[in-house]
A.B. asks: 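I'd like to ask some things about the structure below.
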Amino acid sequence: MKKSIIIVNIVMAGGGDYALGKKIKDIARSTQADGVLFTVSVKSKKFKSESEERFNPCKAVNYNHPVIIVSPYSIMPPRALSSILADLFYQLDIVFCDTVILIDEMDITRDYGSSDRDYEVALSNLGLKNIIFHSLGFSKKSLGYLPMPDQEVIKIQKSAKRDVINLLDSYNLSLPESCGLYIAYLSSETVTMGSQIFIINTLIEEMGSQNNSAYVLVCRDVNRISGLLENIKSIFSKPPYNDLFSECHYSTVADEIKIISHGYVGGTGNKKIHILITTTLPSPIFKSLTSISKTGMMSGDQSLSDYLSLKQRLPYYDKQIWKEPLIDGLKERASELGGEELLNKFQSMVAGRTAYVCTLAFKILTPDDVPTPALNKSLLAFNREVYARKADRKIREILIKYL
């Protein structure tokens with residue numbers, strides 16, 4: 001008889017932690033074991049579940065000798081996590097448990113006193129025989145990313161164009177066939193720089209194309225939208241960037257139903273662009289926009305994983321300061337595969353503050369940055385390798401080993 005699986009999903013305010021928990025639950029269910037997913041706030045001092053999802057709602061979970069998964073774990077300090085698990089053992093009357101598998105979000109910078117050794121020491125008083133540490137991400141020791149299920153990818157790709165047309169119809173708008181769509185999800189404190197890098201670099205990459213471009217920027221912090229709009233308007237109102245377009249139109253979305261125009265500026269280029277900023281989009285619409293987009297910029301883990309699943313390549317990345325190890329791992333591999341040329345290309349796709357020193361890190365392309373055949377070949381290999389680093393099978397194998 002297989003052991004039951006208890007997943008303790010530690011969550012903060014964003015939706016990425018919740019999505020991670022559900023993906024871990026789907027992997028755990030695939031082992032045919034029974035189990036339950038508990039969602040616990042990072043602020044909890046005792047085991048207090050916000051929600052409970054059983055793998056099989058019609059069957060009670062056997063709490064005798066379970067395997068416990070905690071994910072993501074490093075957002076909660078070691079001692080606090082130990083207290084949560086001790087209280088979980090008490091509340092669920094777990095007499096014996098010898099295995100805890102700790103799975104972290106994609107490569108992150110840790111606070112002082114929260115190394116894996118610190119967690120091992122803190123959890124040692126719970127009588128655990130096996131304390132297993134793993135991290136998602138792209139460093140050499142990391143597991144990779146958790147992809148969307150194949151069935152969901154196929155469903156989105158089949159319906160994406162129709163869903164976007166229906167969305168635009170609701171605004172009395174349309175997307176011309178000759179217009180390239182670009183989608184960005186911005187969540188860092190440097191959203192202005194990230195959006196500028198994304199727009200400027202993609203326009204430079206497409207300088208040979210006469211097609212117009214539409215940019216949809218989803219800025220998670222509504223309080224930043226006004227400043228973001230003004231800063232974008234300022235940088236594109238004068239040389240050298242006003243030579244990238246003939247007209248640049250600006251809009252924002254209010255209450256998810258009303259598009260507000262903020263005018264336009266003329267330029268000396270040969271294509272029209274439209275920049276639309278909103279604070280939120282329904283998840284299915286965002287995924288549909290991502291699916292049909294030419295290029296995207298993502299932030300955090302969830303949007304990055306979804307983009308890889310849908311587009312099979314890396315997006316531009318709006319980097320939170322604690323995601324330095326994630327970018328370092330990708331930089332190292334880019335350098336190994338394509339040398340300085342591929343490394344420079346990858347660096348032009350990342351914007352954000354550097355850890356510890358907090359300086360801005362970005363690279364703006366110039367019209368002279370024309371990709372060579374060698375760069376295109378190494379970039380293709382790089383994207384194929386990153387796309388293939390899926391963690392779901394590895395996590396399933398880890399689970400089966402201890403069930």
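FYI, the numbering just counts along the sequence from 1. Bear in mind that the values here come from a model prediction, so they are computed numbers and not experimental data.
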A.B. asks: Assess the residue pair I132 and T99 against the criterion (side-chain contact (heavy atoms from CB on, under 4.5 Å)); give the C-alpha distance rounded to whole Å, side-chain angles, the decisive distance to 0.1 Å, and a yes or no.
C.D. replies: CA-CA 8 Å; I132 299 97; T99 301; 3.8 Å; yes
A.B. asks: Does the side-chain contact (heavy atoms from CB on, under 4.5 Å) test come out yes or no for L326 and Y317, once each step is laid out?
C.D. replies: CA-CA 11 Å; L326 175 66; Y317 194 70; 3.6 Å; yes
A.B. asks: Under 3.5 Å, is there a donor on one side chain and an acceptor on the other for S115 and D118?
C.D. replies: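 Present: a donor and an acceptor within the cut-off.
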A.B. asks: Can you run down the ring-ring contact (aromatic ring centres under 6.0 Å, His included) pairs that involve residues 181-217, sequence neighbours left out, and say none if there aren't any?
C.D. replies: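 Every pair satisfying ring-ring contact (aromatic ring centres under 6.0 Å, His included) with a residue in residues 181-217: Y182-Y215, F198-Y215, F198-Y316.
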A.B. asks: Consider only side-chain N and O atoms of Q320 and S187, and report whether a donor and an acceptor are under 3.5 Å apart.
C.D. replies: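 Q320 vs S187: donor-acceptor pair found between side chains.
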A.B. asks: I'd like to know whether L229 forms a side-chain contact (heavy atoms from CB on, under 4.5 Å) with K233, so could you lay out the CA-CA distance, the side-chain angles of the two residues, the decisive distance to 0.1 Å, and finally the verdict.
C.D. replies: CA-CA 6 Å; L229 175 64; K233 291 176 73 173; 3.9 Å; yes
A.B. asks: Look at K394 together with E397 and state whether they make a salt bridge at an N to O cut-off of under 4.0 Å.
C.D. replies: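 No.
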A.B. asks: Please determine, by modelled atom types, if T366 and D369 share a side-chain donor-acceptor pair under 3.5 angstrom.
C.D. replies: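 Yes, a side-chain donor-acceptor pair sits under 3.5 Å.
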A.B. asks: Given 3.5 Å as the limit, does a donor-acceptor pair link the side chain of T354 with the main chain of A361, or not?
C.D. replies: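 No, T354 side chain to A361 backbone: no donor-acceptor pair under 3.5 Å.
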A.B. asks: Does atom OH of Y264 have more than 12 heavy-atom neighbours from other groups under 6.0 Å away?
C.D. replies: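 No, not enclosed.
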A.B. asks: Decide whether E206 and S213 meet the rule of one side-chain donor and one side-chain acceptor closer than 3.5 Å.
C.D. replies: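 Looking only at side-chain atoms, S213 and E206 do not form any donor-acceptor pair under 3.5 Å.
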A.B. asks: From the options I24, I27, V70, L146, select the one residue that forms a side chain to side chain contact (heavy atoms under 4.5 Å, CB included) with I103.
C.D. replies: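 Exactly one pass, corresponding to I24.
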A.B. asks: Are the side chains of F55 and I5 in touch, meaning some heavy atoms are under 4.5 Å apart?
C.D. replies: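 F55 vs I5: side chains touch.
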A.B. asks: If you apply the rule side-chain contact (heavy atoms from CB on, under 4.5 Å), what do you find for F138 with V386, and how did you get there?
C.D. replies: CA-CA 8 Å; F138 298 104; V386 174; 3.6 Å; yes
A.B. asks: Any side-chain heavy atom of S305 sitting closer than 4.5 Å to one from K23?
C.D. replies: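 S305 vs K23: side chains touch.
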A.B. asks: Tell me whether Q302 contacts the main-chain N or O of G15 through its side chain, where contact means a donor paired with an acceptor under 3.5 Å.
C.D. replies: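 Flag not set: sc Q302 to bb G15 has no pair under 3.5 Å.
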A.B. asks: Under a 3.5 Å distance rule, please check whether D107 uses its side chain to pair with a backbone N or O of S139 as donor and acceptor.
C.D. replies: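 Present.
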A.B. asks: Looking at T279 and C219, would you say the former's side chain and the latter's main chain have a donor-acceptor pair under 3.5 Å?
C.D. replies: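 Looks like yes, one N/O pair under 3.5 Å.
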A.B. asks: Looking at D87 and S83, would you say the former's side chain and the latter's main chain have a donor-acceptor pair under 3.5 Å?
C.D. replies: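 Here the side-chain-to-backbone pair does not exist.
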A.B. asks: Just by modelled atom types, is the N231 backbone N or O under 3.5 Å from a matching donor or acceptor in the S234 side chain?
C.D. replies: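 Not at all, since once roles are kept as given, no pair shorter than 3.5 Å links the two residues.
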A.B. asks: Test K345 against E205 for salt bridge (Lys or Arg N to Asp or Glu O under 4.0 Å), laying out the working first.
C.D. replies: CA-CA 11 Å; K345 169 61 180 175; E205 287 172 336; 2.3 Å; yes
A.B. asks: Which is it for R220 and D318 under the salt bridge (Lys or Arg N to Asp or Glu O under 4.0 Å) test, yes or no, and what are the steps along the way?
C.D. replies: CA-CA 12 Å; R220 192 173 76 174; D318 175 43; over 6 Å; no
A.B. asks: Applying the side chain to side chain contact (heavy atoms under 4.5 Å, CB included) criterion to I183, which one of T290, T295, I292 satisfies it?
C.D. replies: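 Only one of T290, T295, I292 forms a side chain to side chain contact (heavy atoms under 4.5 Å, CB included) with I183, namely T290.
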A.B. asks: Listing request: all salt bridge (charged side-chain N to carboxylate O under 4.0 Å, His left out) pairs with a residue in residues 180-195, at least two apart in sequence or in separate chains.
C.D. replies: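 The answer is E189-R353.
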A.B. asks: For a salt bridge (Lys or Arg N to Asp or Glu O under 4.0 Å) check, start with the C-alpha distance between E152 and K155, then their side-chain angles and the critical distance, and finish with the verdict.
C.D. replies: CA-CA 5 Å; E152 184 180 2; K155 180 180 178 182; over 6 Å; no
A.B. asks: Which atoms form the tightest heavy-atom contact between A391 and G144, and what is the distance?
C.D. replies: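 For A391 and G144, the tightest heavy-atom pair comes out as CB-C, 4.0 Å.
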A.B. asks: Say whether S299 and S188, considering side chains only, have a donor N or O and an acceptor N or O under 3.5 Å apart.
C.D. replies: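 Result is no, nothing qualifies.
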A.B. asks: List for me each residue that meets side chain to side chain donor-acceptor pair (under 3.5 Å) alongside S159, sequence neighbours excluded, and say none if there are none.
C.D. replies: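 Side chain to side chain donor-acceptor pair (under 3.5 Å) check on S159 returns D163.
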A.B. asks: Are the side chain of S309 and the backbone of M148 linked by a donor-acceptor contact shorter than 3.5 Å?
C.D. replies: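 Checking the backbone N and O of M148 against the side chain of S309, a donor-acceptor pair under 3.5 Å is found.
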A.B. asks: With salt bridge (Lys or Arg N to Asp or Glu O under 4.0 Å) as the test, would you mind laying out the steps for D301 and K323 before giving the verdict?
C.D. replies: CA-CA 9 Å; D301 291 2; K323 285 297 181 181; 2.7 Å; yes
A.B. asks: Between N201 (side chain only) and S348 (backbone N and O only), is there a donor and an acceptor less than 3.5 Å apart?
C.D. replies: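 Yes: the side chain of N201 pairs with the backbone of S348.
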A.B. asks: Flag the pair D34 / V61 as yes when at least one side-chain heavy-atom distance between them is below 4.5 Å, and no otherwise.
C.D. replies: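 No, too far: nothing below the 4.5 Å cut-off.
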A.B. asks: Strictly below 4.0 Å, N to O, side chains only: are D104 and R110 in salt-bridge contact?
C.D. replies: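 A salt bridge is present here (some side-chain N lies under 4.0 Å from a carboxylate O).
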A.B. asks: With no hydrogens and no angle check, is any side-chain donor or acceptor of R389 less than 3.5 Å from a backbone partner on S142?
C.D. replies: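 Flag set: sc R389 to bb S142 pair under 3.5 Å.
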A.B. asks: How close do L399 and A28 get, counting heavy atoms only, and between which atoms?
C.D. replies: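 Nearest pair, atom of L399 first, then A28: CD1-CA, 3.7 Å.
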A.B. asks: Using modelled atom types only, decide if a donor and an acceptor are shared between the side chain of Y307 and the backbone of G296 within a distance under 3.5 Å.
C.D. replies: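 Side chain of Y307 to backbone of G296: a pair is present.
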